[in-house]
Amino acid sequence: MNHISFDANYYRSYKGRNDIKAGLVLGHIGPASSVLDIGCNSGYMSEALLMAGKAETCHGVELSRAIVSGSLLEDSRFKLFECDITDFEFPQSYDAVLYLAVHHHVFGKYGKSVAMDLWRKIVNHCSRVMFFETGLLTGRGDLYWRDEMAKHYSSDKEHIDELLSFSGGRIDSVEVLARLSMNGTDRPIYKITFKSDSL
């Protein structure tokens with residue numbers, strides 16, 4: 001399978017933006033016994049949550065162990081799964097899931113069917129809250145994933161509405177926490193809260 005590639009410099013390249021995202025998550029997550037950090041990169045989100053006492057444990061999914069912070073890898077509260085998210089076998093359900101800036105890459109590499117199947121798995125393994133960000137059709141530049149998404153959607157709203165409809169009636173609320181600039185457009189950072197009695 002032609003796996004998604006990773007950007008070893010992602011956190012440093014977008015440090016200001018990523019620090020804002022981490023602050024949003026810290027401010028809105030509430031206490032979580034378990035967090036799944038998909039595409040964790042250096043692990044900056046997991047590290048922030050553990051250091052702030054917002055998470056008891058974090059599981060990170062990343063393609064290469066080499067880009068994850070050494071101090072985080074040594075933290076007994078963190079466990080890394082070194083794999084493509086499409087190969088990840090969810091070992092448990094999580095209080096909170098961070099699915100930030102990964103979905104559009106899954107869509108671009110593997111197509112709509114795989115992306116939607118993965119979305120369902122993530123929703124089914126999230127018991128309380130998901131933080132979500134994806135690339136937009138309105139983004140500018142040479143974006144391989146945008147071309148694939150444009151085959152299926154005429155607008156970003158149509159895409160998000162379909163994603164939310166694939167959540168099996170579990171959604172309690174959807175909130176846009178901020179809109180952060182990327183690829184010449186402002187991407188929403190969503191907080192999706194699930195019904196507590198829906199599992």
Side-chain angles (χ1 to χ4, degrees), residues 1-29 32 34-52 54-55 57-91 94-110 114-115 118-119 121-122 125-126 129-136 139 141 143-146 177-183 185-192:
M1 185 178 276
N2 183 22
H3 286 160
I4 298 169
S5 60
F6 66 90
D7 180 358
N9 297 312
Y10 175 77
Y11 175 67
R12 288 189 298 274
S13 298
Y14 302 100
K15 184 179 185 306
R17 187 180 192 279
N18 289 332
D19 287 348
I20 291 171
K21 279 200 296 186
L24 289 169
V25 172
L26 283 169
H28 291 86
I29 193 170
S34 58
V35 174
L36 177 63
D37 188 355
I38 298 172
C40 67
N41 200 259
S42 68
Y44 66 95
M45 286 280 196
S46 289
E47 205 156 32
L49 289 169
L50 291 169
M51 288 182 65
K54 293 287 188 174
T57 62
C58 289
H59 286 177
V61 180
E62 186 50 69
L63 290 168
S64 174
R65 182 183 187 88
I67 68 171
V68 181
S69 161
S71 60
L72 183 61
L73 290 170
E74 292 173 1
D75 191 324
S76 62
R77 299 169 297 172
F78 179 80
K79 181 175 182 178
L80 177 68
F81 293 84
E82 189 177 14
C83 65
D84 188 290
I85 185 56
T86 59
D87 296 327
F88 182 60
E89 296 184 7
F90 293 78
Y94 297 88
D95 283 346
V97 174
L98 313 181
Y99 192 35
L100 298 161
V102 176
H103 172 76
H104 53 289
H105 292 294
V106 175
F107 205 114
K109 283 285 185 180
Y110 304 127
V114 171
L118 175 60
W119 173 264
K121 287 180 184 177
I122 293 169
H125 289 87
C126 181
V129 63
M130 181 196 305
F131 295 88
F132 178 67
E133 174 194 5
T134 190
L136 302 180
L143 307 172
Y144 76 96
W145 44 263
R146 183 187 54 204
L177 300 180
R179 296 180 188 273
L180 303 181
S181 179
M182 177 66 85
N183 301 128
T185 191
D186 292 334
R187 284 189 192 167
I189 309 299
Y190 294 95
K191 177 184 178 182
I192 303 169

Exercise. Which atoms form the tightest heavy-atom contact between V97 and H125, and what is the distance?
Worked result: CG2-O, 4.5 Å
Exercise. Under the side chain to side chain contact (heavy atoms under 4.5 Å, CB included) criterion, do L98 and L49 qualify, and how do the steps go?
Worked result: CA-CA 11 Å; L98 313 181; L49 289 169; 4.1 Å; yes
Exercise. Any idea which heavy atoms bring V61 and C83 closest together, and the distance?
Worked result: CG1-O, 3.6 Å
Exercise. Taking the side chain as C-beta and beyond, is there a heavy-atom pair between C126 and Y99 under 4.5 Å?
Worked result: no
Problem set entry | Worked check of side chain to side chain contact (heavy atoms under 4.5 Å, CB included) between I122 and F132 | CA-CA 11 Å; I122 293 169; F132 178 67; over 6 Å; no
Exercise. Can you find a heavy atom in the side chain of K109 that is under 4.5 Å from one in the side chain of Y144?
Worked result: yes
Exercise. For R179, what residues pass the side chain to side chain donor-acceptor pair (under 3.5 Å) criterion, not counting sequence neighbours?
Worked result: none
For this session: Give the intermediate values and the outcome of side chain to side chain contact (heavy atoms under 4.5 Å, CB included) for residues F88 and L36.
Result: CA-CA 11 Å; F88 182 60; L36 177 63; 4.0 Å; yes
Exercise. Got a sec, which residues hit ring pair (Phe, Tyr, Trp, His ring centres under 6.0 Å) with Y94, two or more places apart in sequence or on another chain?
Worked result: H59
For this session: Side-chain contact test, heavy atoms from C-beta onward, threshold under 4.5 Å: evaluate it for P188 versus L136 and give yes or no.
Result: yes
Exercise. Is a side-chain donor or acceptor of S34 paired with a backbone partner of D95 at a separation under 3.5 angstrom?
Worked result: yes
Exercise. Looking at C40 and L80, what are the two nearest heavy atoms and their distance?
Worked result: SG-CD1, 4.1 Å
Seminar exercise, completed: Shortest non-hydrogen pair, L72 vs S42, comes out as CD2-O, 4.2 Å
For this session: Would you please name every residue forming a side chain to side chain donor-acceptor pair (under 3.5 Å) with D186, sequence neighbours left out?
Result: none
Exercise. Which distance, rounded to the nearest 0.5 Å, do you find between the CG of L100 and the CG of D37?
Worked result: 7.5 Å
Problem set entry | Gap between atom CZ of F90 and atom CD1 of I85 - 0.5 Å precision | 4.5 Å
Exercise. Would Y110 and L118 satisfy side chain to side chain contact (heavy atoms under 4.5 Å, CB included), going step by step from the backbone distance to the final call?
Worked result: CA-CA 11 Å; Y110 304 127; L118 175 60; over 6 Å; no
For this session: State, to 0.1 Å, how close V106 and A115 come at their nearest heavy-atom pair, and which atoms those are.
Result: CG1-CA, 3.8 Å
For this session: Please name the pair of heavy atoms, one in R17 and one in L180, separated by the smallest distance, quoted to 0.1 Å.
Result: NH2-O, 3.2 Å
For this session: Verify the ring-centre separation between F107 and W119: is it less than 6.0 angstrom?
Result: no
For this session: First locate atom CG of L50, then atom CE of M45, and finally report the distance between them rounded to the nearest 0.5 Å.
Result: 13.0 Å
Seminar exercise, completed: In this structure, CG of L63 is separated from CG of N41 (nearest 0.5 Å) by 10.0 Å
Exercise. Rounded to the nearest 0.5 Å, how far apart are CD1 of I38 and NE2 of H103?
Worked result: 11.5 Å
Exercise. Can you list the residues that meet the side chain to side chain donor-acceptor pair (under 3.5 Å) rule with S71, with sequence neighbours excluded?
Worked result: E47, S69
Exercise. In terms of heavy-atom contacts, does NZ of K121 have more than 12 from other residues, nucleotides or ligands at under 6.0 Å?
Worked result: no
Problem set entry | Pairing residues for F131 by the ring pair (Phe, Tyr, Trp, His ring centres under 6.0 Å) criterion, not counting sequence neighbours | none
For this session: Could you pull out all residues at least two apart from R77 that satisfy salt bridge (charged side-chain N to carboxylate O under 4.0 Å, His left out)?
Result: D75
Problem set entry | Presence of salt bridge, R65 and E82, under 4.0 angstrom | no
Problem set entry | Sidechain-backbone polar pair: R187 side chain, E133 backbone, donor-acceptor under 3.5 Å | no
Problem set entry | Side-chain (R146) to main-chain (G135) donor-acceptor, under 3.5 angstrom | no
Exercise. Roughly how far apart are I20 CD1 and K15 NZ, rounded to 0.5 Å?
Worked result: 10.5 Å
